[in-house]
Structure formats: C-alpha cells, structure tokens
Amino acid sequence: MTNDWNKVKQQVAAFRKYINDLPSATGSKASYCYMVTREEIEKLMNQRNDGSKLDGVRIYIGADIINGHIIPNVHVVACEKDGNADYHDYKITAQLPSDIAMQNSSMPLLAEGRPCPVWCSKQNFLNS
C-alpha cells in the first residue's frame, strides 16, 4: 500500500498528457482509468464455489496498437496464495486452452474494468 499521492497524481497527469497529445483518431479510443466494481471483485474472489475466498487480484496491463500508438487496457484476474506466501493466478495454466475450453465454465473469471470515459468519477485531483 502507498500513500504517496503526489507521485500518483504526477503519474496520472503524465499519462493523461500522453493521451491528449496523441492524434485525435487514436486518443479518442483511449481510456484514462478503469473501474472494477465490488460485485465484480467479489465474483473474482468467490469463484472457487466452495465457500472459501481467493487471496488477491492481479492486474495485467495490455494494449491495443491503434495507428501505431499503444493504447493501454487492463485485465484483472484472481490470485491464490500458496504455502510459500506467493500469489499465483487462479486456474491460469502455462498453455492457452482451446477455444472450446475457453467457452465453457472451466475458465476462471476475468474482469476487464469499466473504462473512463464513460465510467468516470466526479472531478478530483487525479482526473482534472
């Protein structure tokens, strides 16, 4: 955990400036942040379906390449802690499963977040 809000504000402002400096056809497809609801987090944490909760979440940063520019996005997976206090992505294996396996319920849940814009907060020091 951190409470270095000055650092966070600087990093968020730097990213917003980067997005605003992109050509409009590219920048208009970018998101400033992503929201994951408590309900989505609870679904991620409770997906064992045995009454026990998973131990955390990992946020993967992905990207689309639009007109030669990187436009980041996020993907959130649940994690479980092993006996060594290491966290591992829940039910994510070394090999990408077949399309059939990915379409059935054997795959773990994935939250992709709700992007801003449209799911934006009221104005504050991070988003202004």
Side-chain angles (χ1 to χ4, degrees):
M1 302 290 278
T2 185
N3 64 353
D4 189 349
W5 287 103
N6 286 319
K7 178 181 176 182
V8 173
K9 181 177 177 14
Q10 289 170 357
Q11 289 176 344
V12 169
F15 181 72
R16 287 170 95 63
K17 181 180 180 331
Y18 168 78
I19 295 299
N20 290 333
D21 288 346
L22 290 172
S24 62
T26 303
S28 66
K29 294 180 172 48
S31 299
Y32 294 118
C33 63
Y34 295 86
M35 184 203 38
V36 180
T37 66
R38 179 181 59 186
E39 292 82 10
E40 291 169 314
I41 293 168
E42 287 175 356
K43 284 181 182 178
L44 286 171
M45 301 309 284
N46 292 318
Q47 66 184 307
R48 280 188 182 141
N49 294 319
D50 65 2
S52 67
K53 291 185 184 259
L54 289 163
D55 304 300
V57 296
R58 179 166 286 118
I59 301 168
Y60 282 91
I61 300 168
D64 292 311
I65 307 294
I66 300 174
N67 299 322
H69 299 279
I70 293 175
I71 302 299
N73 48 48
V74 298
H75 309 282
V76 184
V77 298
C79 297
E80 58 187 341
K81 192 182 333 182
D82 68 13
N84 296 322
D86 293 323
Y87 290 83
H88 303 286
D89 299 342
Y90 179 67
K91 292 177 96 177
I92 305 290
T93 61
Q95 297 296 317
L96 182 66
S98 69
D99 289 339
I100 293 169
M102 285 193 276
Q103 292 173 8
N104 71 30
S105 61
S106 67
M107 290 301 297
L109 297 175
L110 172 68
E112 293 187 319
R114 297 172 186 202
C116 170
V118 183
W119 292 87
C120 300
S121 176
K122 64 182 178 182
Q123 190 171 8
N124 61 57
F125 69 85
L126 291 176
N127 65 17
S128 57

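None of these values were measured; they are calculated from a predicted model.
- We find the CD1-CZ distance between I92 and R58 to be 10.5 Å, quoted to the nearest 0.5 Å.
- No continuous path of hydrophobic side-chain contacts links V57 to Y87 [ILVMFWY only; heavy atoms under 4.5 Å].
- Summarising the geometry of N46 relative to K53, their closest heavy-atom pair is OD1-CG, 3.3 Å, with the distance given to 0.1 Å.
- In this structure, R16 contributes its side chain and N127 its backbone to a donor-acceptor pair below 3.5 Å.
- Counting only distance, with no hydrogens or angles, the side chain of D86 and the backbone of D82 share no donor-acceptor pair below 3.5 Å.
- With hydrogens and angles disregarded, no donor-acceptor distance shorter than 3.5 Å links the side chain of N73 to the backbone of I61.
- In this structure, the separation between OH on Y32 and CG on N20 is 4.0 Å, given to the nearest 0.5 Å.
- Between the Q11 side chain and the V8 main chain, no donor and acceptor come within less than 3.5 Å of each other.
- Within the model, atoms OH of Y60 and CD of E112 stand 14.0 Å from one another, a figure rounded to the nearest 0.5 Å.
- With rounding to the nearest 0.5 angstrom, the NE2 atom of H75 is 8.0 Å from the OH atom of Y34.
- At a threshold of 4.5 Å between side-chain heavy atoms, the hydrophobic network of Ile, Leu, Val, Met, Phe, Trp and Tyr places I41 and I59 in one connected group.
- Remark: the backbone N or O of Q95 is paired with a side-chain donor or acceptor of T93 at under 3.5 angstrom.
- Summarising the geometry of C120 relative to P117, their closest heavy-atom pair is SG-CA, 3.4 Å, with the distance given to 0.1 Å.
- Smallest separation of non-hydrogen atoms from V36 and A111: CG1-CB, 4.3 Å.
- The backbone N or O of L44 lies less than 3.5 Å from a partner atom in the side chain of Q47, making a donor-acceptor pair.
- Remark: L22 CG to K29 NZ distance equals 12.0 Å, nearest 0.5 Å.
- With rounding to the nearest 0.5 Å, the separation of NE2 in H69 from CG in D21 is 10.5 Å.
- In this structure, F125 is a member of the same hydrophobic cluster as V12, with clusters built from ILVMFWY side-chain heavy atoms closer than 4.5 Å.
- Shortest non-hydrogen contact noted between A30 and I19 is CB-CD1, 3.4 Å.
- Connection of I71 to Y18 is established within a shared hydrophobic cluster, with ILVMFWY side chains joined at heavy-atom distances below 4.5 Å, either directly or through further cluster members.
- Between the side chain of D55 and the backbone N or O of K81, at least one donor-acceptor pair lies under 3.5 Å.
- Under the 4.5 Å side-chain contact rule for hydrophobic residues, L109 and V74 share a cluster.
- Using a 4.0 Å cut-off between charged side-chain N and carboxylate O, E80 and K91 make no salt bridge.
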